[in-house]
There are 2 protein chains.
Amino acid sequence: MNCPSYTRFFETFSNKTRMKIIAELISGAKSVNYICKRINEEQSKVSHNLKKLSECNFINVKAEGKKRIYSLNKDTIKPILKLVEKHVKTYCNEECHKK
Amino acid sequence: MNCPSYTRFFETFSNKTRMKIIAELISGAKSVNYICKRINEEQSKVSHNLKKLSECNFINVKAEGKKRIYSLNKDTIKPILKLVEKHVKTYCNEECHKK
DNA sequence: AATTCATATGAAATAGAAATCATATGGGAT
DNA sequence: ATCCCATATGATTTCTATTTCATATGAATT
């Protein structure tokens, strides 16, 4: 097992801002500013995090005029989120959220 | 989508030591000291990380004399790792590992 | 070619996680 | 009851990721 690849994969997911972006993109491709408004986060913060998501190929971009439209790589994201959801439902309670 | 649960989930995976522990436990349940030897990491480091894995229900413990035997929650771990592997194979190259 | 809008980027500041080290706990053997 | 082995825990230090802020880039519009 290639541990660095795996940890990098999970690391990219393991951030609240990025998770909000992913959640937002589930309903469809969106521009940076639109994402910002929707999730109520600053533009540069969102851009930095979009970059990380891109580097891991969790999202794709296309240009549209001066806007850049980001979309999810659904092949990867959807099945993963489904598994997580299952685990969370089965195993997670208040205990899980104690630090 | 419950973002904090999700990020906690991925956070727990996103650490090299914990990933090594998981990889080690795939081949079967093991005691703390045995894990330490196999992955060549210090005992207290391993214990701290086992705790985090436990809190997320990624692993289970049972006592056996003075030893504590940890085992994987295969329901969750195996399918997840399979998906990650697929993604890594399809999408990851040197680019992915640039910081 | 100057202005504006949308986004990206770099560097510094901040926050947060992980490792480390010293010590505590707890079971079993003597 | 004392000692030893296996593991856990708390506090501090160290390391790394994230945010922030200021600025750059780049496409379209005038």
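Each chain gets a letter, A, B and so on, in the order the sequences are listed, and its residues count up from 1.
- Between A:H87 and B:F9, the ring planes are perpendicular. Angles over 60° get that label, and only those under 30° would be called parallel.
- Applying the 4.0 Å criterion to OP1 and OP2 of C:dA19, one finds that B:T17 has a side-chain N or O inside that range.
- Atom P of nucleotide C:dA18 and atom CG of B:N49 are separated by 7 Å, given to the nearest angstrom.
- One finds no side-chain N or O of A:K16 lying less than 4.0 angstrom from the OP1 or OP2 phosphate oxygen of D:dT18.
- Rounded to whole Å, the distance from NZ on A:K67 to C1' on D:dA28 is 13 Å.
- Distance CZ (B:R18) to P (C:dA18): 4 Å, rounded to an integer number of Å.
- Using a 4.0 Å heavy-atom cutoff across all strands shown, B:S31 reaches sugar-phosphate atoms only and no base atom.
- At least one side-chain nitrogen or oxygen of B:K52 sits closer than 4.0 Å to the OP1 or OP2 atom of C:dA18.
- An OP1 or OP2 oxygen of C:dA8 is reached within less than 4.0 angstrom by a side-chain nitrogen or oxygen of A:R68.
- Regarding contacts with the backbone of D:dA6, every side-chain N or O of B:Y70 stays at 4.0 angstrom or more from both OP1 and OP2.
- Phosphate proximity of D:dT16 to B:N15: absent, as no side-chain N or O sits under 4.0 Å from OP1 or OP2.
- Comparing the helix axis at one end of the helix from C:dA1-D:dT30 to C:dT30-D:dA1 with that at the other, each defined from 5 consecutive pairs, gives an inter-axis angle of 20° (nearest 10°).
- Between B:F58 and A:Y91, the ring center distance fails the sub-6.0 Å criterion.
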Check step by step if side-chain contact (heavy atoms from CB on, under 4.5 Å) holds for A:M19 and A:F13. CA-CA 6 Å; A:M19 197 50 74; A:F13 268 111; 3.7 Å; yes
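- Put simply, B:N33 has no side-chain N or O that comes within less than 4.0 Å of OP1 or OP2 on D:dC5.
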